[in-house]
Amino acid sequence: MVVTILSRSHADRNVYPSAGVLFVHVLEREHFKGEFPPYPKPGDSSNDPITFNTNLMGYPDRPGWLRYIQRTSHSDGVLYGSPTAEHVGKATIIEITAYNRRTFETARHNLVINIMSTEEYPLPYQAEFFIKNMNVEEMLASEVLGDFLGAVKNVWQPERLNAINITSALDRGGRVPLPINNLKEGVYVMVGADVQFSSCLREVENPHNQLRCSQEMEPVISCDKKFRAQFDIDWCKINLVDITKVVMIHSNRPDPGTGVLPDIGEYNPPSESLKSRDFFADFLITLAVPSAVAMVLFTILGYSMCCRREGVDKRNMQTPDIQLVHHSSIQKSTKELRSMSKNREISWPLSTLPVFSQSGEVVPPIHPDNYETTSMPLMQTQIHVFLCLPFSMARLCSLSLYFVKVFLRF
């Protein structure tokens with residue numbers, strides 16, 4: 001049993017849904033087009049974008065049990081929900097405002113919801129199905145919901161079967177699907193019946209299917225083929241509730257009150273004469289203490305770098321005399337070789353001369369073609385090898401060792 005009502009304009013409308021039964025109210029755009037100028041003539045087709053805003057009269061939002069959805073401005077809006085016994089006998093007035101997004105005109109009328117009690121509420125056995133291939137607005141269509149209730153009735157075989165509630169998977173923490181492969185958001189549909197659950201519905205509770213669900217595998221349900229043609233049901237998320245076995249826990253909740261603060265008189269702001277505050281302690285903490293620590297660290301670092309050096313004299317005192325004499329002789333030999341290298345008068349080797357001049361012309365060689373160049377040194381330092389021959393072999397070895405050290409150092 002589902003209460004479905006088509007809303008029309010120009011007058012307030014009274015509806016009488018039953019507690020514990022799904023209530024669906026469709027706001028059809030076609031019935032509001034006539035209220036927006038220019039009025040369409042007979043035969044003319046108008047497709048103005050129209051959106052709806054619904055709220056409880058005197059409040060900015062709807063009641064907690066009532067939801068609203070409109071996918072696009074060119075689709076109809078739907079009010080749906082399941083009232084409970086707490087709302088029985090209370091007239092709920094819903095203000096419906098239609099906005100024409102082309103002309104910016106508005107139209108408004110009221111929907112009076114009178115919730116009636118029923119002897120069938122609540123049905124003792126309730127089952128909640130998760131349908132993966134449906135969006136909530138598709139499932140709210142009377143034809144689709146009727147087909148689903150027919151399939152459930154064929155499996156369950158109850159005498160009374162009602163749709164209790166429909167909830168989008170997004171309201172249960174689901175994620176918005178990607179816009180590929182015609183993916184749907186998914187919808188939870190709760191139905192109630194007056195007889196025990198059928199054996200087919202209880203197949204999901206056996207250990208084999210529970211193991212398959214824990215491994216993210218589809219359970220084996222014998223009656224799934226009766227739904228598969230139109231509804232893709234996730235049997236691992238089915239929830240079977242037997243109200244007759246549910247232990248009701250009553251908690252004493254505090255009275256929320258009227259929501260109006262008590263009158264405590266006019267607001268008395270603080271005086272302009274504020275007590276002065278001493279910031280010297282804050283200055284010491286934020287500036288003086290870090291500065292003192294920085295000075296201590298700077299002093300220790302300066303002493304370590306400047307006052308702990310050994311000096312040249314101390315180094316010479318700790319060095320053996322033979323090593324100092326050897327080092328001094330190497331320095332004298334180096335100076336002598338450098339003074340001798342300044343007196344070189346031999347021409348530069350051919351390998352160091354430029355091949356082309358700045359004008360681009362080829363520079364003729366310094367020597368003729370028949371000149372013997374095998375004895376020509378490639379480096380000017382080779383000439384000093386012949387100069388070093390008169391020296392003793394010990395002097396030559398020491399000089400060679402020094403040159404190696406000097407060139408490796410530079």
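The first residue of the sequence shown is numbered 1, and numbering continues consecutively from there.
- Under the 4.5 Å side-chain criterion, counting only non-hydrogen atoms from C-beta, Phe231 is in contact with Asp147.
- When side chains are defined from C-beta on, Asn165 counts as touching Arg67, because their heavy atoms get closer than 4.5 Å.
- Side-chain contact check for Asn110 and Glu95: no donor-acceptor pair (N or O, by modelled atom type) lies under 3.5 Å.
- At least one test fails for Arg62 against the ring of Tyr68: distance under 6.0 Å to the centre or angle within 45° of the axis.
- In terms of heavy-atom proximity, Met139 sits nearest to Leu145 at O-CB, 3.5 Å.
- Within the 4.5 Å cutoff, side-chain heavy atoms of Pro219 are placed close to those of Cys236.
- Considering Arg71, Arg175, Lys132 as possible partners of Glu185, the one that fulfils the salt bridge (Lys or Arg N to Asp or Glu O under 4.0 Å) test is Arg71.
- A salt bridge links Asp48 with Arg102; the closest basic N to acidic carboxylate O contact falls under 4.0 Å.
- Side-chain polar atoms of Gln331 and His327 form a donor-acceptor pair below 3.5 angstrom.
- Donor-acceptor pairing under 3.5 Å is lacking for the side chains of His326 and Ser329.
- A donor-acceptor distance shorter than 3.5 angstrom exists from the side chain of Asp278 to the backbone of Phe280, with no hydrogens or angles considered.
- More than 12 non-hydrogen atoms from other residues, nucleotides or ligands lie less than 6.0 angstrom from CD of Gln215.
- Judged purely by atom type and a 3.5 angstrom limit, Asn133 uses its side chain to pair as donor or acceptor with the backbone of Gln230.
- Arg277 and Asp282 are joined by a salt bridge, as a carboxylate oxygen and a charged side-chain nitrogen come within less than 4.0 angstrom of each other.
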Trace of the salt bridge (Lys or Arg N to Asp or Glu O under 4.0 Å) decision for Lys184 with Glu137: CA-CA 11 Å; Lys184 303 294 184 178; Glu137 71 276 6; over 6 Å; no
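- Contact check on Glu128 versus Arg172 returns a salt bridge, with a Lys/Arg side-chain nitrogen under 4.0 Å from an Asp/Glu carboxylate oxygen.
- The side chain to side chain contact (heavy atoms under 4.5 Å, CB included) test with Leu79 singles out one residue from Leu111, Ile69, Val15, and that residue is Leu111.
- Residues Tyr80 and Phe23 are not in side-chain contact: their nearest non-hydrogen atoms beyond the backbone lie 4.5 Å or more apart.
- Checking Arg108 against Thr97 by side-chain atom types alone, a donor-acceptor pair falls below 3.5 Å.
- Note that CD1 of Ile50 is 11.5 Å distant from CD of Glu105, once rounded to the nearest 0.5 Å.
- Under the 6.0 Å cut-off for aromatic ring centres, Phe148 and Phe129 qualify, their centroids lying closer than that.
- Side-chain N or O atoms of Asn206 include one that pairs as donor or acceptor with a backbone N or O of Glu203 at under 3.5 Å.
- Salt bridge annotation for Glu218-Lys237: absent, with no cationic side-chain nitrogen under 4.0 angstrom from a carboxylate oxygen.
- Legend: residues meeting ring-ring contact (aromatic ring centres under 6.0 Å, His included) with Tyr99, ordered by chain and number and at least two apart, are absent.
- Counted by atom type alone, Glu28 and His31 present one or more donor-acceptor pairs between their side chains at under 3.5 Å.
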